[in-house]
Amino acid sequence: FNQAVKDIANKFSNAYLIDMYAKYNSLYTSGVIANSKSNDNHYPAYAYAYMSKIMGKAISDCMAEHYSDFKYVQFE
């Protein structure tokens with residue numbers, strides 16, 4: 001499945017695929033997230049909030065790494 005997603009993303013010249021497993025896996029497997037999973041395989045709200053912060057950092061890191069591709073994108 002992972003390779004199929006990568007193959008699709010590679011077909012586009014203006015698409016970025018952020019491989020969360022490759023770059024951010026340690027943030028999910030230790031600390032707040034790893035220690036908060038309940039018996040029904042769901043996380044409490046604070047863990048989901050933390051996951052959203054990780055995703056935001058991943059997007060920010062990607063944009064910083066490829067600054068020239070994003071410098072004319074307007075954000076509000």
Side-chain angles (χ1 to χ4, degrees):
F1 177 74
N2 192 21
Q3 189 58 50
V5 172
K6 289 178 181 179
D7 291 344
I8 292 168
N10 287 332
K11 291 183 180 196
F12 299 93
S13 62
N14 63 346
Y16 289 92
L17 175 71
I18 300 172
D19 190 342
M20 297 297 291
Y21 186 82
K23 292 185 177 183
Y24 302 94
N25 186 47
S26 65
L27 297 174
Y28 286 90
T29 58
S30 64
V32 172
I33 296 172
N35 297 324
S36 64
K37 200 170 195 178
S38 68
N39 291 337
D40 61 356
N41 285 330
H42 286 280
Y43 296 98
Y46 68 85
Y48 284 114
Y50 185 65
M51 288 178 200
S52 73
K53 298 284 187 189
I54 295 169
M55 182 61 75
K57 175 164 178 29
I59 294 168
S60 181
D61 289 350
C62 177
M63 292 176 71
E65 184 179 340
H66 303 282
Y67 171 77
S68 62
D69 293 338
F70 291 96
K71 66 183 176 183
Y72 297 114
V73 175
Q74 297 295 316
F75 294 98
E76 294 183 27

S.K.: Tell me every residue that passes side-chain contact (heavy atoms from CB on, under 4.5 Å) with Y46, counting only those two or more places apart in sequence or in another chain.
M.R.: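 Partners of Y46 under the side-chain contact (heavy atoms from CB on, under 4.5 Å) test: V32, S36, P44.
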S.K.: Treating Ile, Leu, Val, Met, Phe, Trp and Tyr as nodes and any side-chain heavy-atom pair under 4.5 angstrom as an edge, say whether Y21 and I54 lie in one connected cluster.
M.R.: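 Result: no, two separate clusters.
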S.K.: What's the shortest heavy-atom distance between Y43 and Y48, and which atoms?
M.R.: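 For Y43 and Y48, the tightest heavy-atom pair comes out as O-CE1, 3.1 Å.
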S.K.: For residues I8 and F12, report the shortest heavy-atom separation together with the two atoms involved.
M.R.: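 Residues I8 and F12, closest heavy atoms: O-CD1, 3.2 Å.
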S.K.: Is K11 salt-bridged to D7, going by a charged N under 4.0 Å from an acidic O?
M.R.: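 Between D7 and K11 there is no salt bridge, as every charged N stays at least 4.0 Å from the carboxylate O atoms.
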S.K.: Taking the side chain as C-beta and beyond, is there a heavy-atom pair between L17 and V5 under 4.5 Å?
M.R.: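 Yes, side chains in contact.
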S.K.: Would you call D19-K6 a salt bridge at under 4.0 Å N-O?
M.R.: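 K6 and D19: salt-bridged.
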S.K.: Nearest 0.5 Å, please: how far is NZ in K23 from SG in C62?
M.R.: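 Rounded to the nearest 0.5 Å, the SG-NZ separation comes to 7.0 Å.
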S.K.: Near M20 CE, under 6.0 Å, is it more than 12 heavy atoms from other residues, nucleotides or ligands?
M.R.: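 Count over threshold, so yes.
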S.K.: So, using side-chain contact (heavy atoms from CB on, under 4.5 Å) as the criterion, who are the partners of N41 when residues are at least two apart?
M.R.: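 Result, side-chain contact (heavy atoms from CB on, under 4.5 Å) vs N41: K37.
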S.K.: For K57 and Y24, work out which heavy atoms get closest and say how close.
M.R.: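 For K57 versus Y24, the nearest heavy atoms are O-OH, 4.2 Å.
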S.K.: If you define the side chain from C-beta out and look only at heavy atoms, does anything of E65 sit under 4.5 Å from D61?
M.R.: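 Not in contact.
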S.K.: Do Y67 and I18 sit in the same hydrophobic cluster, where Ile, Leu, Val, Met, Phe, Trp and Tyr count as joined when their side-chain heavy atoms come under 4.5 Å apart?
M.R.: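 No, because Y67 and I18 fall into different hydrophobic clusters, even though each may have its own neighbours under 4.5 Å.
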